[in-house]
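What follows is a short report on a single structure.
In each ligand, atom 1 is the first atom listed, and ligand 1 is the first ligand listed. What's counted below: heavy atoms across the whole structure, side chains too, no hydrogens, waters or symmetry copies.
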Amino acid sequence: MKAEANQNLMEKIVSLAKRRGFIYPGSDIYGGLANSWDYGPLGIELKNNIKQLWWKFFVHSRDDMYGLDSSILMNTKIWEASGHLKEFSDPLAECRKCRSRYRADKLIDSKKCPSCEGILGEPKKFNLMLKTYLGPVEDEASLTYLRPETAQGMFINFKNIIDSFHPALPFGLAQIGKAFRNEITPGNFIFKTREFEQMEIEYFIRSENWEKSFEEWLTRIKKWMEIIGLSSMNVDFREVAAKERAHYSKKTVDIDYNFPFGKEELYGLAYRTDFDLKNHSQKSGVDLSYQDENGNKFLPHVIEPTFGVDRTILAILAEAYQEDGEGKNKRIYLKLSAKLAPFKVAIFPLLANKPPLIEKAKSVYSLLKPHFFVAWDDRGNIGKRYFSQDEIGTPYCLTVDFQTLEDDTVTIRDRDTTKQERIKISNLIDYINSKIF
Ligand code: GAP
């Protein structure tokens, strides 16, 4: 029963996301491209709000962080040095009968094909790097890879940051950007795709401080999840066993979220030691060591908190999706944190055919527009407009009615309680600001 309810929840989220302009299936008019998704006008607002909040919390509110936006395409030697060309692979098993391919480590029975019961071949290492060729000639020399993590862009800019800013240890680099992986089994909507976005931090420390720093970052990740409204009841911190850890990590804690399809990785925290700086120093011949105030030279170690943007969106949608009421009072609403909601407020004239109401409502719209992303709706009846905004998570709806024309007050309705109060137009900006920021 629970599994069925969860499957329904997933279907409801995918359907709402499409219907209301959050996330559309990719390449749809050409029959689609499996497991690709396009963010619509509301999806991009939600995504940008998450990214801006992340940047504010992890970069702007601190004195030890430096932002970066490095290239997706990089010199292939970087992927040799980082170990990705050799190690970044999943075990792939192919059915000898129907040729279906599976992640061998995720199969319950590693000998039998789950779709046709044919015999599976021995698992082979399948490299997840997506290839492309730069320039007109497709040969070994022009073979390049789309980055599978944003992290390497930060390691290879380590020296640039030291030279430009002379930061004292500990300090971190942060960037948000696309990553690409040729996943064997993409799926579950935006959970596992071949093109996705990451928000990553490489935090450089003295090796002796790694355990303390690791714990501090765990605490910050918890705080971040609180800020975006993910309940701690839905989250597990799981230490990853040595044989499952990425090739660069000495300790990893996965932050698993209770998605409708089961507990799966949302974020990760890894102790990458000096693996990356050491290998890039050796392979590039450029000394990437750090010199402290006493003239001591050494390679800093790294703690890496990593966050998937798309998985954050899926977790937020799953957590926010709510239904209440019965019959024609049944409503769907997204209980999004006001910080994340695409529209902060919607404005309605009570009746669309009364010019003084329209005019007054437009003046309220113009007053608020420079401060917040504001929706306007004058279609249908007011109840339908409320429900329509509830479904996209707009936390406040303002109605301009006949009393507004007399005393310059509007009703403001709260999405979650559906309670209304009257408020002076001159107090609106402060009121909404106090609720949102
Ligand atoms: N730099 C470290 C790194 O890339 P990872 O655990 O492989 O670590 C980091 O990926 C995060 O990126 C994951 O926790 C997840 O949120 C997200 N992610 C990874 N693969 C993904 C995929 N195929 N689709 C969507 N998000 C993905």
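With sequence neighbours excluded, the residues satisfying side chain to side chain contact (heavy atoms under 4.5 Å, CB included) with K131 are L143, Y145. Residues satisfying the side-chain hydrogen bond (donor to acceptor under 3.5 Å, both in side chains) test with E149, not counting sequence neighbours, are Q152, R272. Under the rule for a side chain to side chain contact (heavy atoms under 4.5 Å, CB included), the partners of D254 that lie at least two apart in sequence or sit in another chain are R238, V240, T252, D256, E265.
For the atom pair L336 CG and T394 OG1, the distance stands at 9.0 Å (nearest 0.5 Å).
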Where does ligand 1 get N/O contacts under 3.5 Å from the protein, atom by atom?
residue  : atom   : partner : partner atom : Å
ligand 1 : 1 (N)  : E149    : OE1          : 2.6
ligand 1 : 1 (N)  : E200    : OE2          : 2.4
ligand 1 : 1 (N)  : E304    : OE1          : 3.3
ligand 1 : 1 (N)  : E304    : OE2          : 2.9
ligand 1 : 4 (O)  : R181    : NH2          : 2.8
ligand 1 : 4 (O)  : Q198    : NE2          : 3.0
ligand 1 : 6 (O)  : E265    : OE2          : 2.9
ligand 1 : 7 (O)  : R181    : NH1          : 2.8
ligand 1 : 7 (O)  : R181    : NH2          : 3.0
ligand 1 : 10 (O) : Q198    : NE2          : 3.4
ligand 1 : 12 (O) : Q198    : NE2          : 3.3
ligand 1 : 14 (O) : E265    : OE2          : 2.5
ligand 1 : 14 (O) : L266    : O            : 3.3
ligand 1 : 16 (O) : L266    : O            : 2.7
ligand 1 : 16 (O) : G308    : N            : 3.1
ligand 1 : 20 (N) : R181    : NH1          : 3.4
ligand 1 : 23 (N) : E183    : OE2          : 2.8
ligand 1 : 23 (N) : T193    : O            : 2.8
ligand 1 : 24 (N) : F191    : O            : 3.3
ligand 1 : 24 (N) : T193    : N            : 3.1
ligand 1 : 26 (N) : R311    : NE           : 3.4

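Heavy atoms of other residues, nucleotides or ligands lying less than 6.0 angstrom from CD of E140 number 12 at most.
Of the residues listed (K178, K51, R147, R311), the one engaging E197 in a salt bridge (charged side-chain N to carboxylate O under 4.0 Å, His left out) is K51, and it is the only one.
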